[in-house]
Amino acid sequence: MVAFTEEIVDVGGTKVHTLKGGSGEPLLLLHGAGGNNGWLKSIDALAEKYTVYYPSHPGYGKSDRPDWLETIPDMACFYNWYLETLGLEGIRTIGFSMGGWIASEIAAMCNHSFSKMMLVGAVGIKPNEGEIADLFIISPAQVLDLMFHDPAQAPEYQAVYGREFTPEEMMTAEGNREMAVRLCWKPYMHDPRLSSLLQRVNMPTRMVWGRNDQIVPVECGELYKKAIRGSDLVVIDNCGHSPQVEKPDEFIKTALDFLA
Amino acid sequence: MSLDVYYFTEMPYHYIDDELAEQWPSLRLTFPNSYFDPNKATDLFKRYLDEFQYAEEAGFQGLMINEHHNTPSCMDVEVNITGGILSRLTSKVKILMLGNMLPTSDNPPRLAEEIAMLDVISGGRIVSGFVRGIGVESWANNTNPVYNRERFEECHDLIIKTWATPGPFRWEGKHYQYRAVNPWMLPVQKPHPPVWVPGTGSPETVEWAVKHRYTYAAFLTELTRAKQLFGSYREQARAAGWEAGPDKFAFMICAHANETDEKAQESGKAFMWRMGHPLKGPREYWAPPGYFSQAGVAANAARRQKPMNEMTYEELQDHNHLVVGSPDTVIKKLRHIKEELGIGSLLLETQGGPLSHEDTMRSIKLMGEEVIPALQD
């Protein structure tokens, strides 16, 4: 396993709790609406090739929330500032679910922030046929049921989701959920202007989706592909919303191929 | 010490039986509206409005109305409509609207002028309750629950300013912005109608009510909990240099009178409908993420030992959520509540669930003739 450290990055007075580890060129990972799940197997594999920056978004986990930050475009502004603070530019990124929405907003806002972008089960674009599952109106246990096609094939499922949580962890989870509501309540989990703005993105982009994603339909991956010139879509069979947890080997392979 | 007694009904569409209700996660929010029969509702409205009118005649000092969305348990979907009807149907009673849901409103000056219009039509009889709306309302109106309290407070501030400050003025707030607030319609009562706020336990609501010296109405709260909340109000008022009198405290409870205790116990069972399925549903419906503060969550845990929808008929009576009996029994119980709590107003949900017109009218009559006069000493 690659060693990682916990760092606090001060962005204009906002403290961002960041996991950092590995070596090589920088890679920014942006987590989904549920929060930062820590240094999992797939992240560790990425850290063997890259220096991974894995922050908890402002308002999540141990990171502060600046009063002004209330939308995903706000978050994109904030992350440009974060990258500037770290002296990073033109780096690789992977955004998971809501983090994919953040990554694509950053890319649409500032073409030179990233050199390569990977979006995994990303929200942000409204599907024409299906719907993005409403995660706020159901219980966290029901959300978890929707996340996986088959939890048994996710090697770290028990370690991450199957154990007893401390009261502190429960509070953090509740706080993360509240932050997701703040950011994504209406329009729910998408931005009507995003598809149009993505036309200006000119970096290599890959979408990765679980074929059986019950939260964000694969159709959204196709819409991203249509919106971003030259991008491709990799669909993983027998897999739900989180390929990086449910099918880590396949996820790592496609990620490393693309990022290389 | 006098006591203002208000007549209240949610005007339920009570034709949903348990067997049907049990097929859905809740009677609120997502219960299919294909079960609604507008013709039945027409008859119900006629009946409920007649009962409101009779409550004035019988001797209630006030009528209370409320508002909910996406639920058969309350057909009143707009207090200001009902307020308008009652303003013309009645001539003496106070009309307590408890109340307008501020956070779900996108247009506070419009609310201000609507309430002002009611105050004008009724000749100054409006009591303007302001509510946050239960969690379900955030869903039904699709208003971000994280901003519920912020929007409540800003909407309130703008309404009060609209009433009490000569227009035109500009408003550039966080949630509301206006170029020219200047509604022609202003309330009769100056500087504005009395404002009430309901609570079920959030400490922030008590604090806010004290700050504005508004009447705090405890809704279906355990007596001991209501005592704590009122005690906290009195202490905070004292700390701020003023004494909170009974006019600052109201208590809401279901109440039913019949000629004898036996008859009342039988007819009063109709209230079990409103205590059952309308109070059930997934946690997320009632408390969308961000709706409650951490303090509110703690207060909720302390609120009652057992949810009302799990209580038996007897337990509901033991816990003072429901008072049922002959006029003498009802007097005894309500007098106890009045004395324990030091309240100036009692809000009686006198019609509930499938309680029939006949039983409702009799109960109103007994309340007016015997119960209300006996509570005035």
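Every chain is numbered from 1, with letters handed out A, B, ... down the list of sequences. Since the structure is predicted, the reported quantities are computational estimates derived from the model, not experimental observations.
When the heavy atoms of residues 131-143 of chain A are compared with those of chain B, the residues falling under 4.5 Å are Asp134(A), Phe136(A), Ile137(A), Ile138(A), Ser139(A), Pro140(A), listed by number. Identified by a heavy-atom distance below 4.5 Å to chain B, contributing residues of residues 95-105 of chain A are lacking entirely. Inspection of non-hydrogen atoms places Val146(B), Tyr147(B) of residues 146-153 of chain B under 4.5 Å from chain A.
In this model, a donor atom of one side chain and an acceptor atom of the other lie less than 3.5 Å apart for Asp213(A) and His241(A). When only modelled atom types and interatomic distance are considered, Trp185(A) and Asn142(B) share a side-chain donor-acceptor pair under 3.5 Å. Checking Gln228(B) against Ser232(B) by side-chain atom types alone, no donor-acceptor pair falls below 3.5 Å. There is a side-chain donor-acceptor pair under 3.5 Å between Thr82(B) and Asp76(B). Between the side chains of Thr18(A) and Tyr82(A), at least one donor N or O lies within less than 3.5 Å of an accepting N or O.
A donor-acceptor distance shorter than 3.5 angstrom exists from the side chain of Arg28(B) to the backbone of Pro278(B), with no hydrogens or angles considered.
Between Tyr79(A) and His57(A), the distance separating the two ring centers is shorter than 6.0 angstrom.
When all heavy atoms are compared, the tightest approach of Thr312(B) to Met272(B) is C-CE, 4.1 Å.
For the pair Tyr285(B)/Ile134(B), no side-chain contact is recorded, criterion being any heavy-atom separation below 4.5 Å from C-beta on.
Salt bridge present: Arg163(A) and Glu169(A) bring a charged side-chain N and a carboxylate O closer than 4.0 Å.
Under the rule for a side-chain contact (heavy atoms from CB on, under 4.5 Å), the partners of Glu129(A) that lie at least two apart in sequence or sit in another chain are Glu219(A).
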